[in-house]
Amino acid sequence: MKDWLEHSVQVEVEAPIEFVWELWSDLEQMPRWMKWIESVHVLEENPELSRWKLASGNFEFSWLSRILKQSPNQIIQWESVDGLPNRGAIRFYDRHETSIVKLTVAYAIPGLVGKLMDKLLGPTVESTIQADLDRFRAYALQKMSDSAVADMNGNG
């Protein structure tokens with residue numbers, strides 16, 4: 001029997017929702033801001049599926065993930081279909097000049113061991129994914145800045 005442990009974090013990004021969505025929905029770019037994600041490969045024959053590889057120190061996990069729901073500028077929801085059992089959603093909230101990005105991640109671990117592990121690892125998992133979102137915010141702001149400079153150079 002497995003328990004699902006869930007963690008949610010969010011960040012406010014000073015960028016329009018369409019811009020934030022465009023960056024995040026390009027799954028193969030995620031290793032740029034997600035510390036433990038080594039690679040993401042979207043399957044050409046079925047773009048709803050992607051192969052993920054997580055690596056940190058001496059451990060490595062991989063899984064195949066399926067997009068369950070995708071609504072532009074609103075949500076990407078997924079679940080793993082093999083490998084490391086996980087599921088979650090990334091939600092986007094339009095605040096006109098800014099955007100809220102909320103990441104919820106759940107993972108399955110065995111019964112009593114899982115509850116103990118969550119007490120030990122839960123805060124680490126949460127601080128790690130919060131740091132990932134903070135890196136995403138910095139990445140998005142840098143991309144916006146680069147885009148503004150390119151526009152000025154192209155128009156000047």
Side-chain angles (χ1 to χ4, degrees), residues 2-93 98-110 113-147:
K2 293 179 181 175
D3 284 330
W4 284 90
L5 304 174
E6 185 173 289
H7 300 281
S8 289
V9 297
Q10 69 180 38
V11 69
E12 187 167 4
V13 181
E14 296 80 4
I17 193 93
E18 297 82 5
F19 185 81
V20 171
W21 167 267
E22 186 179 321
L23 291 178
W24 193 282
S25 62
D26 185 356
L27 299 180
E28 293 184 349
Q29 298 303 310
M30 282 193 184
R32 292 177 180 262
W33 61 83
M34 298 195 86
K35 181 180 170 185
W36 291 3
I37 301 297
E38 188 170 288
S39 64
V40 179
H41 177 69
V42 176
L43 277 57
E44 284 183 38
E45 63 276 11
N46 186 349
E48 288 183 356
L49 296 174
S50 52
R51 171 68 58 195
W52 293 67
K53 187 173 177 184
L54 179 147
S56 179
N58 293 330
F59 69 89
E60 185 177 292
F61 296 102
S62 68
W63 65 93
L64 188 64
S65 184
R66 176 185 309 282
I67 300 288
L68 300 175
K69 180 179 182 182
Q70 187 166 340
S71 298
N73 305 329
Q74 293 179 19
I75 188 171
I76 302 171
Q77 184 178 4
W78 77 90
E79 72 177 359
S80 62
V81 293
D82 82 352
L84 184 68
N86 70 90
R87 63 186 180 210
I90 183 81
R91 291 177 175 83
F92 304 84
Y93 301 94
T98 67
S99 305
I100 303 289
V101 179
K102 181 177 181 182
L103 175 61
T104 301
V105 178
Y107 48 94
I109 49 180
V113 173
K115 290 186 192 297
L116 177 61
M117 282 180 62
D118 189 47
K119 287 200 184 318
L120 297 172
L121 294 177
T124 301
V125 170
E126 219 154 273
S127 66
T128 298
I129 58 176
Q130 182 64 60
D132 288 343
L133 282 190
D134 292 342
R135 272 189 296 280
F136 172 74
R137 178 182 175 273
Y139 176 77
L141 295 178
Q142 183 61 54
K143 284 289 196 183
M144 278 208 32
S145 174
D146 293 350
S147 178

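Numbers here simply count residues along the sequence, with the first being 1. Note that this is a predicted model, so its numbers are computed, not measured.
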>> Taking the side chain as everything from C-beta on, heavy atoms only, tell me whether L103 gets closer than 4.5 Å to M34.
In response: yes
> I67 and side-chain contact (heavy atoms from CB on, under 4.5 Å): which partner among L27, V42, N46?
Replying inline: L27
> Considering all heavy atoms of both residues, which atom of D82 and which atom of L64 are nearest to each other, and what is their separation?
Replying inline: OD1-N, 2.8 Å
> Does any non-hydrogen side-chain atom of K143 lie less than 4.5 Å from one of Y139?
Replying inline: yes
> What pair of heavy atoms forms the shortest contact from N73 to E18, and how long is it?
Replying inline: OD1-CA, 3.6 Å
> Of the non-hydrogen atoms in S80 and P85, which two are nearest, and what is the gap between them?
Replying inline: OG-CA, 3.3 Å
> Does E14 have any side chain to side chain contact (heavy atoms under 4.5 Å, CB included) partners at least two apart in sequence or in another chain, and if so, which?
Replying inline: T98, R137, L141
> Under 3.5 Å, is there a donor-acceptor pair between the side chain of Q130 and the main chain of Q10?
Replying inline: yes
> What distance do R66 atom CZ and S50 atom OG have between them, rounded to the nearest 0.5 Å?
Replying inline: 10.0 Å
>> Under a 3.5 Å threshold, yes or no: a donor from one side chain and an acceptor from the other, between W63 and S65?
In response: no
>> Within this structure, what is the CZ-CD1 distance for the pair R32 and I37, rounded to the nearest 0.5 Å?
In response: 15.0 Å
> Measuring from L5:CG to E126:CD, what's the distance to the nearest 0.5 Å?
Replying inline: 11.0 Å
>> Let's go through M30 and W24 carefully: what are the C-alpha distance in whole Å and the side-chain angles of both, what is the deciding distance for side-chain contact (heavy atoms from CB on, under 4.5 Å) to 0.1 Å, and is it a yes or a no?
In response: CA-CA 7 Å; M30 282 193 184; W24 193 282; 2.9 Å; yes
> If you look at every heavy atom in T104 and S8, which pair is closest and at what distance?
Replying inline: OG1-OG, 2.7 Å
> How many angstroms lie between atom CD1 of I76 and atom CH2 of W21, to the nearest 0.5 angstrom?
Replying inline: 4.0 Å
> Which value, rounded to the nearest 0.5 Å, describes the distance between Q77 atom CD and I90 atom CD1?
Replying inline: 12.0 Å
>> Under the side-chain hydrogen bond (donor to acceptor under 3.5 Å, both in side chains) definition, can you give me all pairs with a residue in residues 33-43, not counting sequence neighbours?
In response: E38-K53
>> Tell me the closest heavy-atom pair linking L23 and F136, and the distance in Å.
In response: CB-CE1, 3.9 Å
> Are any of the side-chain heavy atoms of I129 and L133 separated by less than 4.5 Å?
Replying inline: no
> What residues, two or more places apart in sequence or in another chain, satisfy side chain to side chain contact (heavy atoms under 4.5 Å, CB included) together with D146?
Replying inline: Q142
> Hey, are the side chains of V125 and Y107 touching, using non-hydrogen atoms and a 4.5 Å cut-off?
Replying inline: yes
> Can you name the nearest heavy-atom pair linking F92 to I17, along with the distance?
Replying inline: CB-CD1, 3.4 Å
